[in-house]
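Working notes, beginning with the structure itself.
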Amino acid sequence: MEYIKDFEKIVAEQIARVERMKISDEFVDFEKTDKIIIGIIDGDGIGPVIVKEAKRVLNELLKDELASCKIELRNIDGLTIENRIARNATVPADVLEEIKKCHILLKGPTTTPSKADNVPNIESANVTLRRELDLFANVRPVYIPEKNIDWVFYRENTEGEYALGSRGVEISDDISIDFKVTTTDGTKRIAKAAFEYAKSNGNKNVSIVTKANIMKKTDGKFLDLCYQVAKDYPDIKVDDWYVDIMAANLVNEQIRSNFNVFILPNLYGDIITDEAAQIQGGVGTAGSANVGARYAMFEAIHGSAPRMVSDGIADYANPSSILKASEMMLRHIGYTEKADKLSVALNYAQANKRMTGDSSGETATAFADCVLSRI
Ligand code: NAD
């Protein structure tokens, strides 16, 4: 009955996490920060290919701030799958220490070994970083003006099915059980972030997405709390949907442009935002922000695409995703004009360079050259 002790430990840890959440209020004021340190992590697979292009663009866009030391682009080494396996650590302690010295991070995708890979069963680096840096909001915009689509997804990033993803229990050869966690503070802060965004952007509609009819305790709580937070925003129209019908709504051209801001627990957010990115033109086009009170991490929404590397076509990876993430990062630190400049250049390159992900299209470098030509 070892698993009963494990379960007691899990409950104690979650109670302690809730207590920490209650006292954390370390917001950074970037306007008052003498030097903003941006940690850059290359990642695995196609990560180094696309991050190299993002660095070229940022070096040009921020050349004055880099020269005057107002901003530093700092390479963070060691978050590679080789080093993580060698050290048998999801995020090695010395790497985490370096990361915590930065204000924000721009991160390439990192590989998570699967059971079939026959290597130590280390957890996703992202899940660990989100937890360690308490990056509770995963914000993913999807914008397709010609289809009248302007969506922003607020995915809860630290709880749900992912909080204890590698802590499930194999009770016997016949039974396995995983855990899902919803907390009051964890839900209220993601709901508040989404409603604040909706309010400051002209009271956009907010849609809450759950499976509260089945997951009654966790999703039921999430749904109730989102409606509680909504009471502070009486001018915002709110509705709620089950995740299965929302997956259908996004491909329903009759109604999908009525949606604006979405609030979702972790797993549904993961799935629905990939679907939304596909509608925009593929995961290679979408960036995302992982935001907490103290830290923030910006990245592509896709993974390390190891098959593109083994097929020898990594150079054809689309860097739009990490460039979009760079744009979000610039907005986060208050560099709105530079972010707008990057957005215009990125739209220009997307309209003029055909990215297919193989040798029938353009390379990442050619795409970034096109972006740079407009900066
Ligand atoms: P993936 O997103 O890496 O790749 C799926 C497919 O999408 C690729 O085969 C490729 O055809 C295409 N693709 C992805 N990015 C592209 C780009 N920039 N340009 C052109 N085409 C692109 O998904 P996967 O194969 O499921 O995952 C691979 C690895 O990445 C796994 O180890 C997974 O755990 C990890 N992963 C990491 C992150 C992250 O670090 N944020 C996110 C998702 C997955």
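Sequence positions, counted from 1, serve as the residue numbers for this chain. In each ligand, atom 1 is the first atom listed, and ligand 1 is the first ligand listed.
Aromatic ring orientation, Phe30 versus His332: perpendicular (interplanar angle above 60°, classes split at 30° and 60°). Classified by interplanar angle (parallel below 30°, tilted 30° to 60°, perpendicular above 60°), the ring pair Phe262/Trp151 is perpendicular.
Between Lys55 and Asp42, at least one side-chain nitrogen of the basic residue sits less than 4.0 Å from a carboxylate oxygen of the acidic one, meeting the salt-bridge criterion.
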Before you tell me yes or no, could you show the steps for Leu58 and Leu73 under side-chain contact (heavy atoms from CB on, under 4.5 Å), namely the whole-Å CA-CA distance, both residues' side-chain angles and the distance that decides it to 0.1 Å? CA-CA 9 Å; Leu58 287 173; Leu73 299 181; 4.2 Å; yes
Please walk me through it: do Lys70 and Asp34 pass salt bridge (charged side-chain N to carboxylate O under 4.0 Å, His left out)? CA-CA 6 Å; Lys70 175 81 190 118; Asp34 291 338; 6.0 Å; no
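Taking a 4.0 Å cut-off on heavy atoms, Arg307 fails to register as neighbouring ligand 1. The closest approach between Lys107 and ligand 1 falls below 4.0 Å for a heavy atom of the residue. Not a single heavy atom of Ile50 lies less than 4.0 angstrom from ligand 1.
Inclusion of His302 in the set of residues having an N or O under 3.5 Å from an N or O of ligand 1 is warranted. Taking any N or O of Ser304, backbone or side chain, at least one lies under 3.5 Å from an N or O belonging to ligand 1.
Looking at Glu159, Glu156, Glu161 one by one, the single match for salt bridge (Lys or Arg N to Asp or Glu O under 4.0 Å) with Lys180 turns out to be Glu161.
Closest heavy-atom approach to atom 1 (P) of ligand 1 within the set Gly303, Pro319, Pro113: this belongs to Gly303.
Scanning the protein for heavy atoms near atom 19 (N) of ligand 1, the closest one is Asn318 N, 2.9 Å. Nearest protein heavy-atom neighbour of atom 7 (O) of ligand 1: Val283 CG2, 3.9 Å. Among protein heavy atoms, atom 6 (C) of ligand 1 sits closest to Ala305 CB, 5.0 Å. Protein heavy atom at the shortest distance from atom 31 (C) of ligand 1 is Thr112 N, 4.1 Å. Looking only at heavy atoms of the protein, atom 37 (C) of ligand 1 is closest to Thr110 O, 3.1 Å. The closest protein non-hydrogen atom to atom 10 (C) of ligand 1 is Met308 SD, 3.9 Å.
Interatomic distance, Tyr348 OH to Lys353 NZ, rounded to the nearest 0.5 Å: 8.5 Å.
Put simply, atom 21 (N) of ligand 1 has protein non-hydrogen atoms near it, under 4.0 Å away. Proximity of atom 42 (C) of ligand 1 to the protein is indicated by at least one non-hydrogen atom lying closer than 4.0 angstrom.
More than 12 non-hydrogen atoms from other residues, nucleotides or ligands lie less than 6.0 angstrom from CZ of Phe179.
Note: Trp241 and Phe259 meet the aromatic proximity criterion, with ring centroids under 6.0 Å apart.
Residue Pro306 has at least one heavy-atom neighbour below 4.0 Å for each of these atoms of ligand 1: 28 (C). Of all atoms in ligand 1, numbered sequentially from 1 with element shown, those under 4.0 Å from a heavy atom of Thr111 are 32 (O). Each of the following atoms of ligand 1 lies closer than 4.0 Å to a heavy atom of Glu299: 41 (N). Taking every heavy atom of Ile46 and a limit of under 4.0 angstrom, the matching atoms of ligand 1 come to 15 (N), 16 (C), 17 (C), 18 (N). Heavy-atom contacts of Ala317 reach the following atoms of ligand 1: 19 (N) (cutoff under 4.0 Å).
The part of Asn126 lying near ligand 1 is the side chain, judged by heavy-atom distances below 4.0 Å.
Distance alone, capped at 3.5 Å, places no donor-acceptor pair between the Arg256 side chain and the Val251 backbone. Side-chain N or O atoms of Thr33 include none that pairs as donor or acceptor with a backbone N or O of Lys35 at under 3.5 Å.
Seen from the ring of Tyr162, Arg155 counts as a face-on cation partner, given the 6.0 Å and 45° thresholds.
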